[in-house]
Amino acid sequence: MLDPKLLRNETAQVAEQLARRGFDLDVALLAKLEEERKQAQLDAQELQTERNSRSKNIGKAKAAGEDIAPLLKEIEDLGDRHKAAESRLNDVLTQLEQIAMGIPNIAQADVPAGKDESENQEVLRWGEPRQFDFEVKDHVDLGAALGMDFDTAAKISAARFVTLSGPLAKLQRALTQFMLDLHSEQHGYTETYVPYLVNADSLKGTGQLPKFEEDLFKVNDGEFYLIPTAEVPVTNIVRDTITEDASLPLKFVAHTPCFRSEAGSYGRDVRGLIRQHQFEKVELVQIVRPEDSAAAHEELTAHAEKVLQMLELPYRKVNLCTGDLGFSSTKTYDLEVWLPSQQTYREISSCSNFGDFQARRLQARWRNPATGKPELVHTLNGSGLAVGRTLLALMENHQQADGSVVIPEALRAYMGGQDMLRV
RNA sequence: GGAGAACUGGCCGAGUGGUUGAAGGCGCACGCCUGGAAAGUGUGUAUAGGUUAAUAGCCUAUCGAGGGUUCGAAUCCCUCGUUCUCCGCCA
């Protein structure tokens, strides 16, 4: 959520900023509702004040043993008037709230303007895509011989699920362990275990609700939702809390499965592991002082890049343009790994700085020693990395002519010293 | 799943319908006292919204959350949540 004061007082500038990312703010409607809100609030408060003072007087009169009947008669209709004023106020507030919850974050100044992903700005490339002297297979073909089975998963559940068995299942676990160890031991994150079913308040806090409900799996009639990313439970650790200055920054790393309905993506990436209803991800989350968030964003992205580097996977880093930027984000770097089978870079990590946007919804604050007051923190997160996509990227990039897959050096300790997945 | 008890400010804790945003204590901040400290002592010590040039003043809300009763609710009623105890079940 944007700062309501900013939205109120600087509506024109906010609208201009939002237009940059293709969001059309209804300035006139907002101004009208704001005017109504002000009047309704004034009315309600005025009646409230009167009721309070009248009631006090009745109390005094009663204590003094006077007859309070005439006093009661005087304010017969006050209650109704007050209720009416309050319900008017609530109507307006609800409308304003709905609008506010649907407004995306404002992009930082160095986010390139653009309409869609084609206008994202490449920041850097790391590693050389390997030249193969044989015909490359994609991970589905490679996986068929190594224990990756989509048909069995479809029988058990549906399309967009997978079963892994044997060495591939172990490799996925090894990747997860490797990432968790790297971030917790080398990068200063606290390993964290969180619920995979969350309530609606948590999803509102991080911005998935109310706007993106169709992307989620709903459980038990809406009592819970399956998490689409660990960002939700982990960031919500600080919901409704005031963190002491000395404790900042908070850095969490969590491994969780992620569940996405993929409504609206029918026909896209139907083959293979790229787009699944259920996948594993290691997520990095940072809660920082506002002035530190830009630096933290660079740092967090570098932590995710480190994983790709250690796994010897070529990638590029892109600064998402305004049109491709996520709803809650002020700035996002995507890391895209090279996929030989597709001869292109595909997203494997998304690292975002949300500014105070999530913090405001979460009421996540810190006590600023300079002011002594609770102020909103900044929140960030990034995949470090999406494990399923890492698995497929590793298979494809490190495949051999005979269909076996070389295990990168950094991972071998997690595979009992094994250096290759043999067919 | 069943039965019972509880939920008050940073913490502890008083308060069963009337000037209670809330006694008292602890903690914290500043001052006095002291050679310095402790003790003692004085003052202050929430969050959010509105109004405003103002983090001045004023108004409003907030005693787990949401509804209700009432002129008036921390106090009465209902629903929900959380914690604790006992029973059942269970990895």
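Naming: A, B, ... by sequence-line order, numbering from 1 per chain.
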request  = Could you let me know what B:U20 is paired to, Watson-Crick or G-U wobble, both distances under 3.5 Å, or none if it's on its own?
outcome  = none
ask   = Expressed in whole Å, how much space separates the P atoms belonging to B:A22 and B:C32?
value = 29 Å
query = Roughly how many Å is it from CG in A:Asn57 to P in B:C71, rounded to a whole number?
reply = 16 Å
inquiry  = Between the base of B:G18 and the side chain of A:Lys56, is one N or O donor paired with an acceptor at under 3.5 angstrom?
reply    = no
key: Separation of the P atoms in B:G17 and B:A74, to the nearest angstrom   = 13 Å
ask   = Considering Watson-Crick and G-U wobble pairs with both distances under 3.5 Å, what does B:G1 pair with?
value = B:C87
query = On a whole-Å scale, what distance lies between the C1' atoms belonging to B:C7 and B:A91?
reply = 31 Å
key: Closest contact, heavy atoms only, A:Leu71 versus A:Ala61   = CD1-CB, 3.8 Å
task = Just compare B:C71, B:U60, B:G49 and give me whichever is closest to any side-chain atom of A:Gln41.
result = B:G49
key: B:U60 phosphate, OP1 or OP2, under 4.0 Å from A:Asn52 side-chain N/O   = yes
note = Taking for A:Lys83 and for A:Glu50 the nucleotide of RNA chain B with the nearest heavy atom, the one nearer the 5' end belongs to A:Glu50
request  = Would you kindly give the CZ-to-P distance between A:Arg367 and B:C28, to the nearest whole Å?
outcome  = 15 Å
ask   = Is it true that the NZ or CZ of A:Lys218 lies under 6.0 Å from the centre of A:Tyr225's six-membered ring and within 45 degrees of the ring axis?
value = no
remark   = Re B:C28: Watson-Crick or G-U wobble partner, both distances kept under 3.5 Å, found to be B:G44
inquiry  = When both hydrogen-bonding distances must be under 3.5 Å and the geometry is Watson-Crick or G-U wobble, what is B:A39 paired with, if anything?
reply    = none
ask   = Do the side-chain N or O atoms of A:Asn199 get closer than 4.0 angstrom to the phosphate oxygens (OP1, OP2) of B:G81?
value = no
request  = For A:Leu42 and for A:Ile242, find the nucleotide of RNA chain B with the closest heavy atom, then tell me which residue's nucleotide is more 5'.
outcome  = A:Ile242
Sugar-phosphate only, base, or nothing, as touched by A:Lys73 at under 4.0 Å among non-hydrogen atoms = nothing
Separation between the P atoms of B:A61 and B:U20, rounded to whole Å = 14 Å
Separation of B:U82 P from A:Asp240 CG (nearest whole Å) = 15 Å
A:Thr330 side chain to A:Ala107 backbone, donor-acceptor under 3.5 Å = no
request  = Grab the CD-P distance between A:Glu46 and B:G49 for me, whole Å please.
outcome  = 22 Å
query = Under 6.0 Å between ring centres, would you say that holds for A:Phe327 and A:Phe212?
reply = yes
key: Centroid-centroid under 6.0 Å between A:Phe217 and A:His277 rings   = yes
note = To the nearest angstrom, the CD-C1' distance between A:Glu36 and B:G50 comes to 17 Å
inquiry  = Does the structure show a Watson-Crick or G-U wobble partner for B:C63, both distances under 3.5 Å? Name it, or say none.
reply    = none
inquiry  = Students often get this wrong, so: under 4.0 angstrom with heavy atoms, is A:Pro374 touching a base, only sugar-phosphate, or nothing?
reply    = sugar-phosphate
ask   = If we call it a pair only when both distances are under 3.5 Å in a Watson-Crick or G-U wobble match, what pairs with B:U52?
value = none
task = For B:G40 versus B:G21, give the span between their P atoms, rounded off to a whole number of Å.
result = 32 Å
ask   = Tell me: NZ of A:Lys62 to P of B:U70, nearest whole Å?
value = 15 Å
ask   = Can you tell me if the side-chain N/O atoms of A:Gln48 get under 4.0 Å from OP1 or OP2 in B:A61?
value = yes
task = Calculate the interatomic distance between A:Gln363 atom CD and B:G49 atom P; express it in whole Å.
result = 8 Å
query = NA contact type, A:Lys60, heavy-atom cut-off 4.0 Å: base, sugar-phosphate, or nothing?
reply = base
ask   = Does B:G81 have a Watson-Crick or wobble mate here (both distances under 3.5 Å), and if so which one?
value = B:C7
ask   = How about A:Phe150 and A:Phe161: are their ring centres within less than 6.0 Å of each other?
value = no
inquiry  = Given B:G49, B:G18, B:G50, identify the nucleotide with an atom nearest to the side chain of A:Ile58.
reply    = B:G18
message = Looking at B:A14, which nucleotide sits across from it as a Watson-Crick or G-U wobble partner, both distances under 3.5 angstrom, or is there none?
response = none
key: Test log, rule side chain to side chain contact (heavy atoms under 4.5 Å, CB included), inputs A:Met310 and A:Phe178   = CA-CA 10 Å; A:Met310 291 183 75; A:Phe178 162 69; 3.8 Å; yes
Inter-residue atom distance A:Leu29.CG - A:Gln95.CD, 0.5 Å rounding = 7.5 Å
message = Taking only the P atom of each, what is the distance from B:C90 to B:G4 in whole angstrom?
response = 24 Å
task = Figure out the CG/C1' separation between A:Asn9 and B:U52, and round it to whole Å.
result = 12 Å
key: P gap between B:C26 and B:C86, integer Å   = 35 Å
key: Below 4.0 Å: OP1/OP2 of B:G18 and any side-chain N or O of A:Ser55   = no
key: Separation of the P atoms in B:U34 and B:G44, to the nearest angstrom   = 24 Å
ask   = Looking at A:Arg365, does any N or O in its side chain come under 4.0 Å of the phosphate oxygens OP1/OP2 on B:A48?
value = yes
query = Considering only side-chain heavy atoms of A:Lys38, which listed nucleotide, B:G18, B:C59, B:G50, is closest?
reply = B:G50
